[in-house]
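Quick notes on the structure that follows.
What you see is a predicted model; the values in this text were computed from it and never measured.
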Amino acid sequence: MSSLEQMYQQVIMDHARARHGAGLVDLDLPAVGESHQVNTTCGDEVTLRVGLDGDTVASVHWEGQGCSISQASISALTELVEGHSLEEADEVYEAFRALMGNRGEDLGDDRDDMLGDAGAFVGVGKYPARIKCALLGWMALRDAVAQAQAAGGAEGENDG
Amino acid sequence: MSSLEQMYQQVIMDHARARHGAGLVDLDLPAVGESHQVNTTCGDEVTLRVGLDGDTVASVHWEGQGCSISQASISALTELVEGHSLEEADEVYEAFRALMGNRGEDLGDDRDDMLGDAGAFVGVGKYPARIKCALLGWMALRDAVAQAQAAGGAEGENDG
Amino acid sequence: MLPDLRDDFPLLARTVRNGKPLAYLDSGATAQRPHAVLHAMDEFDRLHNGAVARGAHLLAEEATEAFEGARASVARLVNAASPDEIVWTENATAALNLVANGIGNASMGQGGEESARFRIGAGDSIVVTQAEHHANLIPWQQLAARTGATLRWIEIGDDGRHRLEQLATVIDDTTKIVAFTHASNVTGVVSDVAAFVARAREVGAYTVLDACQSVPHLPVDFQALGVDFAAFSGHKMLGPTGVGALWGRKELLDVLPPSVFGGGAIKVVTLEETTWHPAPTRFEAGTQPVTQAVGMGAAAEYLMALGMDDVATHERRIAQIIREGVSQMPGVRLLGPIGDPDADEVLGLATVVVEGVHTHDVGQVLDDLGIAVRVGHHCAQPLHKRFGVTGSTRASAHVYTTEEDAHRFLEGLASVREFFGVPA
Amino acid sequence: MLPDLRDDFPLLARTVRNGKPLAYLDSGATAQRPHAVLHAMDEFDRLHNGAVARGAHLLAEEATEAFEGARASVARLVNAASPDEIVWTENATAALNLVANGIGNASMGQGGEESARFRIGAGDSIVVTQAEHHANLIPWQQLAARTGATLRWIEIGDDGRHRLEQLATVIDDTTKIVAFTHASNVTGVVSDVAAFVARAREVGAYTVLDACQSVPHLPVDFQALGVDFAAFSGHKMLGPTGVGALWGRKELLDVLPPSVFGGGAIKVVTLEETTWHPAPTRFEAGTQPVTQAVGMGAAAEYLMALGMDDVATHERRIAQIIREGVSQMPGVRLLGPIGDPDADEVLGLATVVVEGVHTHDVGQVLDDLGIAVRVGHHCAQPLHKRFGVTGSTRASAHVYTTEEDAHRFLEGLASVREFFGVPA
Ligand SMILES: Cc1ncc(COP(=O)(O)O)c(C=O)c1O
Ligand SMILES: Cc1ncc(COP(=O)(O)O)c(C=O)c1O
C-alpha cells in the first residue's frame with residue numbers, strides 16, 4: 001500500500017461520502033452549543049452543533065465543505081462520540097491527536113481500538129499539511145461542547 | 001607611498017589646518033548666497049557663504065566641522081574659485097568630480113593643472129566612503145551660488 | 001528560445017516521494033534559485049559582508065558597492081529612470097504597504113505641504129479590481145477605513161478579464177488611487193495597463209501596479225507602462241526570499257512620507273524631531289536585506305542574460321500545452337480564458353477546478369506523483385468567490401519548466417477523478 | 001571559555017588592504033556568519049525551498065517544517081513561552097515599528113474593543129531614554145506626533161548610565177509605554193531592566209525592549225526580564241541580513257492590530273472586510289524571509305551550543321582589554337563607564353573620541369592597518385549630543401574576536417594622533 005493509499009483508505013472514502021451527522025437540525029436538549037471553524041489555507045469550513053444530556057454527548061450534527069479528509073473525519077467523529085460521555089469523547093480526541101502526531105504509524109496500544117474507524121486516518125500523520133484537515137471537526141466539537149456547557153451552565157452546576 | 005599616505009598628502013594636511021576662508025563674514029556684494037550642507041553618515045556640516053560680483057566669485061567664506069578631508073577640501077576650493085569666473089568654477093568642479101571618480105589615478109590631462117592644490121585629493125578616489133567628505137564643500141558652493149544668483153536675479157537678468 | 005536550464009537550478013535535481021523526479025509547477029508561489037544567485041549571495045557572505053553605507057573600512061565599502069550594484073541591476077530589468085527609483089523592501093507585500101501607509105500618513109498631515117498631493121479622505125475613492133491578490137487589496141481596504149475614503153472595484157468577467165467598460169464609471173473625479181495587478185496569479189490574465197493608466201490620468205489618480213507576476217515572466221518597462229508605483233518580489237523572479245522592491249517615480253518617492261522609522265533614513269535626529277532623506281534612503285530604515293538584495297540583483301542579471309522576450313515565449317509555450325490540455329479534460333474547469341488564440345495575454349500557468357474532487361485531494365494525488373502544484377485560494381479569495389469556488393489547483397511555470405513537466409501534470413490531473421471514484 | 005572560533009567564520013580568513021590580516025571589530029553594526037549558518041541557508045535553498053504553509057506538496061511541507069523549526073530555536077534562545085511568541089520581521093527596526101504602528105492603529109480604533117488596551121492619545125506619555133538607537137526613538141516620536149501623546153526621556157549620566165532616579169518622576173500615571181534599550185550600542189552599558197519594569201508596572205505601562213545588542217552577546221530570558229515586547233535582529237547574532245524578530249507576550253500579540261497587510265495574515269477576506277489570525281500569523285503578511293529565518297534559527301542553535309554564559313565571559317574579557325587600554329591612552333576619551341570593576345554591566349565594545357582627530361580620519365588609519373571599526377554617530381545622535389560630540393569610533397567584539405584583535409586595535413589607535421601630527 002502506497003502512502004497515498006494508506007491515507008485515502010476505503011473507510012475514509014466511505015465516510016467522506018456517507019457524512020454521518022451531516023445536516024443541521026434543531027435540538028431539543030438541555031445544553032446545546034454550536035461552533036464554526038475555518039481552515040484558512042484552503043477556505044474549508046464546518047458548522048457543528050452538539051447537544052448534551054448531562055455528561056452525555058446526546059447529538060452531533062454539522063454542515064460543512066472541505067476535502068475528503070476533513071469531511072470523513074467529521075463523519076467518523078460523529079459516529080464515535082454520539083451517545084458517549086464527555087470523558088470518553090475527550091479520551092478519543094486525545095488518542096486522535098496522538099495518532100496525527102505519530103508520522104503515519106499506529107499508536108500500538110489500546111488507543112488504536114478506542115479510535116475505531118478514526119484509526120483509518122493513521123496515514124494522514126505522514127502529511128503535516130493535512131493534519132489540520134483531519135482536526136477541523138474536532139476543533140469544532142470541542143468548541144461546541146464548551147459553548148453547550150456554558151449555555152447549560154446553571155443546570156450543570158446544580159447537577160454537580 | 002601607501003594609499004593612506006597618498007590620501008593624506010602634506011598639501012591636504014596643510015589645508016586642513018590652514019582652513020582658507022574659514023569664518024563667516026557679512027558681505028557687501030550685489031548677490032550673496034548661503035548654503036548649509038550635512039554629511040549624514042557622520043554629522044559633518046558646513047555653512048558656506050558666497051558673494052558674486054557679476055560673473056565673478058568675489059568672496060567665499062565658511063564655517064564647518066568635519067574630517068580632515070572635508071575641511072581641507074573646502075579650504076582648497078576657496079583658494080581655487082575666489083576671484084575666478086563662475087564658468088571657471090564650474091570647470092574646476094567638473095574636474096574635481098572626475099578626479100573623485102577616477103579610483104585614485106590622476107586624470108592625465110590638463111584638468112590636473114586646473115585643479116591646483118585640489119589635485120592632491122586624488123587618493124580619496126580610492127575610498128568611495130570618503131568621496132562624500134571631499135565633495136561636501138562643493139555641494140555647498142554650488143547651492144550657495146544658485147542662491148546668490150536667485151537673490152541677485154533682477155540685476156543678473158538686466159546685465160545679460 | 002531558452003535552452004534547457006534545469007542544470008542551473010540545484011533543487012530541480014532532487015527527487016521526491018519515493019524517488020520520483022520532481023516536476024516543480026509551483027513557481028507562481030515561489031520560484032527556485034539558480035546557481036548564479038546562490039553563488040552571488042554565498043560569495044557576499046563569505047568575502048564582502050559589512051555594514052552598508054556606515055563603516056569606513058574596506059568591507060563596508062565592498063558591501064556598499066555590491067548593494068548599490070544590485071539596485072542598478074534591478075533598475076535595469078524594469079527600466080527605472082535611475083537606481084534611486086528602486087526601494088528595497090522585505091517583499092512585494094511590504095512594498096505595497098509602503099505606498100498605502102505613506103499615503104495614509106500624508107493624509108494625517110505628515111510630510112506637510114510637500115506631501116499634500118497624496119492626501120485622501122472622505123469623499124475620495126480608491127479603486128482596485130476583483131482580481132487582486134490580498135497584498136494589493138487589504139492595504140487599500142485599510143487605507144480607506146483609516147481615511148474615510150471609499151473602496152471600489154472593477155469586476156472580472158467570466159473569461160477572467162477585467163470588465164474594462166467599468167473603468168469609465170468606477171473611476172471618476174473622486175478617485176485618487178487606482179491599484180491593480182499587472183498579471184493575475186490565478187487566471188494568468190495580463191491586464192490592459194494602458195487602459196487603466198489612461199483613465200487614471202484623466203481623473204488625476206495615482207496608479208499602483210502589482211508587478212509580482214509580471215516582472216519574473218515578461219519584459220516589463222515601468223516608464224513605458226506609465227504607472228506611478230510598482231511592487232515586485234525577489235523570490236518569484238529566481239531571487240531569494242527576504243527581499244522585494246518598490247519602484248516609483250523619483251519625484252513622487254521623494255515626497256511620500258515613510259511609515260517605518262529608524263536608522264539611516266533620516267538626516268538629523270534630535271529627541272524632538274526628525275528630517276528625512278530623499279528616496280530611496282528615506283524608506284530604508286534599519287539594516288537592509290543586503291545579501292538578499294545582492295541575490296535579487298544577480299537574479300535580474302540572470303533574467304536579462306536569458307532575455308525577457310525569450311523567457312516570455314518559453315513560458316507561453318508551456319502555458320499553451322497546459323491550458324489546451326486541461327480545457328479538453330472532462331470534469332475539469334479552467335479559470336480564466338480558454339483556448340484563447342491571443343495567448344500573449346496569459347502567463348505560463350493554469351488554474352483548474354476538478355469537479356467532485358476537493359483541491360486538497362487533487363494536490364495530494366499530484367504530490368504523490370512528484371508534481372508540485374499550489375492548492376487553495378492563492379490569496380485571491382474575492383476572485384474565487386467571483387468564480388463561485390472556494391479553492392482551485394494551480395500549475396505555474398518558470399524559465400526552467402519543461403514540456404515534460406507540463407505533460408506530467410496533465411497525465412496526473414487526468415488520473416485524479418478516477419482515484420477518487422468520481423463518475424466520469 | 002570559548003575556543004578559538006575564527007575557523008568557523010569564512011570571512012575572517014580573508015585579507016584586506018595589501019594583504020593585511022583582518023581584525024573585524026565592527027560586529028556591533030553587523031556580525032559575520034559561521035559555516036553552520038551559511039550551510040543551513042544554502043541547504044534550504046538547494047533542497048527544501050517551497051512556499052511555506054501554502055502548498056500541498058513535499059517541498060512545501062519541508063519548507064514549513066524548517067521555517068517553524070527555526071522559530072522554535074529562536075524562541076528557545078530567548079526563553080519565549082512558546083514559538084508563537086516569535087514574529088519574524090525584516091530586522092529589529094521593523095519589529096519596533098510593528099509595535100509602535102500597531103499601537104497607533106489601535107489608537108485609531110482598529111481592532112475594536114479587543115485592542116482598546118493599547119489606545120493612547122493626548123494627555124498620555126511615552127517614555128524613552130537618551131541612549132536609544134534611532135530605531136527605538138523615531139517610531140515613538142512619530143507615534144507621539146500621530147496620537148497627540150507626549151514623548152519624554154530618561155537622561156544619561158556622565159558615566160553612560162541611565163539616571164535611574166528619574167524613573168520615579170519621568171514615568172508617571174500618564175505613561176502608557178516605556179521603550180528602552182537592553183544594552184547601548186555606544187557605551188555598551190547594560191540597562192537595569194528590573195528597575196524600568198518595576199516602575200512601568202507601577203503605572204501600568206507596557207515595556208518595549210530593544211534587545212538588538214543583548215541577544216547576540218548575553219544570556220537573555222525575556223520572561224524573566226518581565227518586559228512585554230522585545231526586538232532583535234538576525235544579522236547581529238551571527239545570522240543573515242533580511243530577518244529579525246519581535247518577541248511579545250502571546251496575549252498581547254494576539255490583540256495588537258497589524259500594520260502591514262497582505263496574504264496569509266488574515267482569516268477571511270472579502271472586498272469589504274477582513275478578519276485577522278492570532279499571532280504570529282497576523283503579523284506575517286506576504287512571503288516571509290524563509291531562508292533567512294532558517295539562518296537565524298541556525299545562528300540561535302550555534303550560540304546555544306557555545307553557551308551564552310561563555311559567550312558573555314569571552315566578550316567581557318575582550319572588553320576589559322580594550323577598555324582598560326583606551327582609558328590609559330593620552331588624548332583618547334572613552335564614552336561610558338571607565339575602569340569599572342563591575343565589568344558584567346558592559347558589552348564587549350569600546351567607543352572612543354580621539355582628541356584633535358576626526359572619527360573618519362581615525363577609522364581610515366585603522367582600516368589601513370586591517371582593523372575594521374565603525375565611525376560616525378552609530379544612529380544614536382541624541383546620545384552623542386549628550387556627550388558633546390558629533391561622532392565617535394567604536395570597536396565591538398563577538399564570539400570570534402581574539403585578544404590579538406583587541407591588541408591590534410589598541411596599537412592602531414595609539415598611532416593615530418601621531419599620524420595626524422596632533423601634539424601629545
Ligand atoms: C541598539 C540597537 N537598536 C536597534 C538597531 C537596529 O537594528 P537593525 O538595523 O537590524 O534593524 C541596532 C543596530 O543597528 C542597535 O544597535
Ligand atoms: C499577484 C501577487 N501579488 C502579490 C503577491 C505577494 O508577494 P509576496 O508574498 O512576495 O509579498 C503575490 C505572491 O504571492 C502575487 O502573486
Using modelled atom types and a 3.5 Å cut-off, is there a donor and acceptor pairing between side-chain atoms of [X] and backbone atoms of [Y]?
| X | Y | answer |
| --- | --- | --- |
| C:Gln110 | C:Pro257 | no |
| C:Gln292 | D:Thr241 | yes |
| D:Lys385 | D:Thr390 | no |
| D:Arg386 | D:Gln130 | no |

If I measure from the heavy atoms of chain D, does [X] come under 4.5 Å with its side chain, its backbone, both, or neither?
| X | result |
| --- | --- |
| C:Leu98 | neither |
| C:Arg394 | neither |
| C:Ala31 | backbone |
| C:Leu58 | both |
| C:His378 | neither |
| C:Ser233 | neither |
| C:Asn91 | side chain |

Without hydrogens or angle criteria, can the side chains of D:Glu61 and D:Thr64 be said to hold a donor-acceptor pair below 3.5 Å?
->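 No donor-acceptor contact under 3.5 Å links the two side chains.
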
Does any donor atom in the side chain of D:His384 or D:Ser392 lie under 3.5 Å from an acceptor atom in the other side chain?
->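 Looking only at side-chain atoms, D:Ser392 and D:His384 do form a donor-acceptor pair, the distance falling under 3.5 Å.
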
Heavy-atom proximity to chain C below 4.5 Å, by part of [X]:
| X | result |
| --- | --- |
| D:Arg14 | side chain |
| D:Thr359 | neither |
| D:Val243 | neither |
| D:Asn101 | side chain |

What do you reckon, are the aromatic ring centroids of D:His377 and D:His133 less than 6.0 Å apart?
->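 Ring-ring flag for D:His377/D:His133: false, centres at least 6.0 Å apart.
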
Sort out for me which of [options] touches chain D most, counting heavy-atom pairs under 4.5 Å.
| options | value |
| --- | --- |
| C:Glu132, C:Arg33, C:Gln364 | C:Arg33 |
| C:Val260, C:Asn49, C:Leu366 | C:Asn49 |
| C:Asn136, C:Asp45, C:Asn105, C:Leu96 | C:Asp45 |

What residue, out of [options], has the most heavy-atom pairs lying under 4.5 Å from chain C?
| options | result |
| --- | --- |
| D:Ala293, D:Ala372, D:Ser259, D:Gly244 | D:Ala372 |
| D:Pro10, D:Gly363, D:Ala380 | D:Pro10 |
| D:Asn97, D:Val362, D:Thr93 | D:Asn97 |
| D:Leu47, D:Val290, D:Asp368 | D:Leu47 |

Can you measure from CG (C:Leu25) to OG1 (C:Thr393) and round to the nearest 0.5 angstrom?
->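 Separation between the atoms: 12.0 Å.
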
Does the side chain of C:Leu59 come within less than 4.5 Å of D:Gln32's, by heavy atoms?
->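 Yes, close enough: below the 4.5 Å cut-off.
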
Identify which one of D:Lys236, D:Glu90, D:His235 satisfies the side chain to side chain donor-acceptor pair (under 3.5 Å) criterion when paired with C:Thr287.
->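 Answer to the side chain to side chain donor-acceptor pair (under 3.5 Å) test with C:Thr287 among D:Lys236, D:Glu90, D:His235: D:His235.
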
Indicate the ring-plane relationship of D:Tyr24 and C:His57, choosing parallel, tilted or perpendicular according to the 30° and 60° boundaries.
->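 Geometry flag for C:His57 against D:Tyr24: perpendicular rings.
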
